[in-house]
Amino acid sequence: MSYNIANLPPYEPQTIEAEAQAYWNENRSFEVDESSDRPKFYCLSMFPYPSGSLHVGHVRNYTIGDVISRYQRMLGKNVLQPIGWDAFGLPAENAAIAHQIPPAVWTDKNIAQMKQQLTSLGLGYDWSRELRTCDPDYYRWEQWLFLQLYKKGLAYRKEAIVNWDPIDQTVLANEQVVNGCGWRSGAPVERRAITQWFLKITAYADELLNDLDKLSGWPDQVRTMQRNWIGRSEGVSVLFALQDNPGEKIEVFTSRADTLFGVTYLAIAPEHPLAKQAASNNPALQAFIEETQHSSVSEAVRATTEKKGMATGLYAINPLSGRSVPVWVANYVLMSYGTGAVMAVPAHDTRDFEFATQYHLPIDWVIQPEATDTITTNTAFTEKGILVNSGDFSGLTSDNAIAQITEALDSTAQGKRCLQYRLRDWGISRQRYWGTPIPMIHCKDCGMVPVPEADLPVILPEAVDFQGIQSPLKQDLTFLQVTCPNCQQPAQRETDTFDTFMESSWYYARFASPDSHTRMLDDRADYWTPVDQYIGGIEHAVLHLLYARFLHKVLRDENLVSSDEPFTALLTQGMVLKDGSKMSKSKGNTVNPQALINQYGADTVRLFVMFAAPPEQSLEWSDAGVEGAYRFLKRVWQAVTTHVASLAHYPNWQTFLHQAHTEKQKALRYQLHHTIQKVTQDIGERKTFNTAIATIMELLNHWYKFTTETPQDYALSQEVLSAVVLMLSPIVPHITHALWLQLGHTNAIIDTPWPSVDSEALKQDALQWVIQINGKYRGRMTLPAQITEDEIKQAVLQEASLQQHIRNKTIRQWIFVPNKLINLVITP
RNA sequence: GCCGGGAUGGCGGAAUUGGUAGACGCGCCAGACUCAAAAUCUGGUAGUGGUGACACUGUGAGAGUUCGAUUCUCUCUUCCGGUACCA
């Protein structure tokens, strides 16, 4: 059959994408409420920081979310997919300094541009719920929540160490410290202790740890990272008394009490009070401590810098052995972790071993492997074993010794069984302008006084002159000067702002009731939360996702939500790379998605991003791959338009729908329903959109080889193409919107259910078996589906092509993998 | 340093529970159409040997378990993410 292809409508993405988007707008297709009787499905991609323009990572993130949302909608769910802006943050301040533009103005401009770009991608958002975290309507509730935490004693102040730029007189983020120096001034950074606000996330440590077991919809990888981050360890805190001043004790924590006889020195952090005390009459030590204060507070930097230490001249008494050991100051001990002091067991800890070797401190072996009595002395032995040289405890296993030593310390009040967490309380103060003001007032007489709830929000002034030296809030007297709510005397506002992770820790819940003006969240939040599917970058595996879990539990305890966890299922997407490395402006390897959308259309960009790699893996950008995606869409377009154009040749085709009679029809219909089955599993369960697309491509290749000659053939063609268009519709919603109508369907594809599998079509008369001999592939055999194992054996033994391998050999074993594979184990 | 993850043709990737390694796409090669080119269509494409059927080798490196390992275990190399003030 031939058609005049020149007369068929060409694929014009710009036209059909505008039409589809206009249809969704007019019908408010993505605006949802709670009145539906369908089950709810809340799908959320991590909201963007408005950095300026969309990058490919955004396109990937939001396309994945959109595909899942549209698929769930086709399954009959009441789907919420909202979007907003994580609008506070450091880049706005940097832009303000560089371009003399207020952070608020810069942010607004970026949001406008990125919103336009998101819209052009055809993402199915409920824009009526759009929020931005820099709006007082949003952050007032964050201030309110902070006040509730303060009332409960879960928000408190303490000293913490920051990077200080002595030239710019400003606190630096770790990212702003380059090779130990401030990125703008170039001055060596100093560590400085300042008083800051903290949230007591450690009060929820056990729940945050235990509830990870409930999160079966999360990747194991992320749960493991969070488990390790929380780092619960059981052990004992041991008190070492100072030799010259037994009233003063150094407290250390260990999970390896069995190694206590191997302690040969104590190490304390440079910021430890005892270090300062010892340095007061020791200029060399003073200089050493001073030197350690000139590096970033970042753990990655500290852990890779050379380990250095100096003796304090103090000695402490091991409470168990009575032995006197020196006390050292060491740069590898963190004041912010535990007590800021550790007992060092060089023989059984790698880091202590290196330090002891470097400074010629004693290394005493007290644990030996169970199997042997030999000890290698060129490396630390960190496993558990049998105790030696440990007084009455010698001969015990490590586990028994831990129990008995802990008991011995406990009974003499020289130690205490305790739990230790690696997790630290969440420091939420930032000495920055562009953030949520912390709703507190400093009063000379009353101390810290919370802003009364009736006075919220504390509004961040937006018209400011921003120089980047110190927060403009400190000069803004109308902001700064306030009357103490307690004593009515003049007082000052807190000028620190919140860590921006605060805003991103509860926005998902606010989307459910974005216009609630009397409460932080109303009942609608409990209808929509928890989020059924959350999607975002793997780089958020710990911090953001842990803080959000924490605040969700806080919201629960405020009776604002009833669930224990915010995100039922989590998909962590990989990075987008080009030429093997991360896209970045500095490398000059960025790709502008907008240019591609203009050139090929949104569907092509969406298809490429979903096809190039499974979502959890990193994605290698390829311009040629984009071209290939465009080519495929043109093929789909051509397939449908030529099919539709031939309609007149096959009257009454509808009589023959959903049937197959000839062999070629059965084969194509098998392929169709096999494809539906696989694509349903790939999109719905495995979330491997790349293999779903590949399978649809295969089906279309089969369709191209299928010649349409009868009304029956035409009916099957219609069934195949309708299913292809339906299965593609979550991924490429615009072209499928148009093709669905061309196929003669009268409803919009967005409101059409997902296709279902006809199990009748999957029945096969014969199956193909793989034949192996000694595990090696030796050919294939097609055998009837209904066949016994003995009949298979007979057929295999008679197969001519196998004779050269089995002649004169003894078959020792037959291995059957049902309907798939037969392996003959023969003597060689 | 520590925690987590990855490595498969020329390239992106597939192989879902230990069972045909390389689906699908890109690129390349050949052919068709064209005055020509582009676009499109058809066929081929891991390596080596062979006209061919086929044989051997092959999933970062090395060992192990198994009838059978890309998949499981151990050791190592290397790249990526996080490391608490980038988001």
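All chains are named by letter (A, B, ...) in the order of the sequence lines, taking the proteins before the strands, and each is independently numbered beginning at 1.
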If only atom types and distance count, is the side chain of [X] paired as donor or acceptor with the main-chain N or O of [Y] below 3.5 Å?
X      : Y      : value
A:N61  : A:I535 : yes
A:Q176 : A:A173 : yes
A:H58  : A:H55  : yes
A:N331 : A:T292 : no
A:E93  : A:G89  : no
A:R60  : A:G574 : yes

Please give, in whole Å, the distance from [N] [atom2] to [X] [atom1]?
X      : N     : atom1 : atom2 : result
A:Q617 : B:U8  : CD    : C1'   : 11 Å
A:M781 : B:U20 : CE    : C1'   : 15 Å
A:Q804 : B:C54 : CD    : C1'   : 8 Å
A:L633 : B:C24 : CG    : P     : 18 Å
A:E627 : B:G12 : CD    : P     : 19 Å
A:Y630 : B:C26 : OH    : C1'   : 18 Å
A:I731 : B:C24 : CD1   : C1'   : 13 Å
A:F689 : B:A14 : CZ    : P     : 13 Å

I'd like to compare against my own output: the B/S/- annotation of nucleotides 39-49 of chain B with a strict under-4.0 Å heavy-atom distance to protein. SSS-S------
Per-nucleotide protein contact string for nucleotides 74-87 of chain B (B base, S sugar-phosphate only, - none; heavy atom under 4.0 Å): -------BSBBBBB
Separation of the [atom1] atoms in [N] and [M], to the nearest angstrom:
N     : M     : atom1 : answer
B:A23 : B:C72 : C1'   : 25 Å
B:U34 : B:C29 : P     : 22 Å
B:C33 : B:A69 : P     : 50 Å
B:G12 : B:U57 : C1'   : 25 Å
B:G13 : B:U8  : C1'   : 9 Å
B:U45 : B:G22 : P     : 12 Å
B:A61 : B:G52 : P     : 30 Å
B:U48 : B:G58 : P     : 15 Å

Donor-acceptor pairs under 3.5 Å, side chain of residues 624-637 of chain A to any protein atom, not counting sequence neighbours: which ones?
from: A:E627; atom 1: OE1; to: A:Y600; atom 2: OH; distance (Å): 2.7
from: A:R635; atom 1: NH2; to: A:N701; atom 2: OD1; distance (Å): 3.1
from: A:W637; atom 1: NE1; to: A:P9; atom 2: O; distance (Å): 2.7

A:F816 vs A:W769 aromatic rings, parallel, tilted or perpendicular, using cut-offs 30° and 60°? perpendicular
Check the orientation of A:Y49 and A:W106. Use parallel for under 30°, tilted for 30 to 60°, and perpendicular for over 60°.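 A:Y49 vs A:W106 ring planes: tilted.
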Could you tell me whether the side chains of [X] and [Y] share a donor-acceptor contact shorter than 3.5 Å?
X      : Y      : result
A:T170 : A:D165 : no
A:T691 : A:D682 : yes
A:E698 : A:T675 : no

Assign [X] to base, sugar-phosphate, or nothing according to its heavy-atom contacts below 4.0 angstrom with the strands shown.
X      : answer
A:S618 : sugar-phosphate
A:R778 : sugar-phosphate
A:K678 : base

Less than 3.5 Å apart, which donor and acceptor atoms pair up between the side chains of residues 542-551 of chain A and the rest of the protein, not counting sequence neighbours?
from: A:H544; atom 1: NE2; to: A:Y534; atom 2: OH; distance (Å): 2.8
from: A:R549; atom 1: NE; to: A:E565; atom 2: OE1; distance (Å): 2.9
from: A:R549; atom 1: NE; to: A:E565; atom 2: OE2; distance (Å): 3.3
from: A:R549; atom 1: NH1; to: A:L208; atom 2: O; distance (Å): 3.1
from: A:R549; atom 1: NH1; to: A:Q226; atom 2: OE1; distance (Å): 2.8
from: A:R549; atom 1: NH2; to: A:L208; atom 2: O; distance (Å): 2.7
from: A:R549; atom 1: NH2; to: A:E565; atom 2: OE2; distance (Å): 2.9

Identify the stems formed by RNA chain B, where each pair is Watson-Crick or G-U wobble with both distances under 3.5 angstrom and a stem is at least 3 consecutive pairs. B:1-7 with B:77-83, B:10-12 with B:24-26, B:27-32 with B:40-45, B:46-49 with B:54-57, B:60-64 with B:72-76
Quick one: on RNA chain B, does A:L619 or A:Q681 contact a more 5' nucleotide (nearest heavy atom)? A:L619
On RNA chain B, compare the nucleotides closest to A:R780 and A:D682; which residue's is nearer the 5' end?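 Whichever sits nearer the 5' end wins; that is A:D682.
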Would you mind calling B:G9 syn or anti? Take O4'-C1'-N9-C4 for purines or O4'-C1'-N1-C2 for pyrimidines, and syn is within 90° of 0.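 B:G9: syn glycosidic orientation.
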Just checking A:W197 against A:F498, ring centres under 6.0 Å apart? no
Dump the intermediate steps for salt bridge (charged side-chain N to carboxylate O under 4.0 Å, His left out) on A:D499 and A:R430, then the final yes or no. CA-CA 6 Å; A:D499 176 5; A:R430 295 293 180 272; 3.1 Å; yes
Contact list (N/O, under 3.5 angstrom) for nucleotides 64-69 of chain B vs protein:
from: B:C67; atom 1: O2; to: A:N823; atom 2: ND2; distance (Å): 2.2

Between CD1 of A:I230 and OH of A:Y204, what distance do you get to the nearest 0.5 Å? 14.0 Å
Starting the side chain at C-beta, find the nucleotide from [options] nearest to [X].
X      : options            : value
A:K820 : B:G4, B:U16, B:G19 : B:G19
A:F611 : B:G12, B:A23, B:G5 : B:G12
A:H805 : B:G5, B:G25, B:A55 : B:A55

For B:C24, does either OP1 or OP2 sit under 4.0 Å from a side-chain N or O belonging to A:N690? no
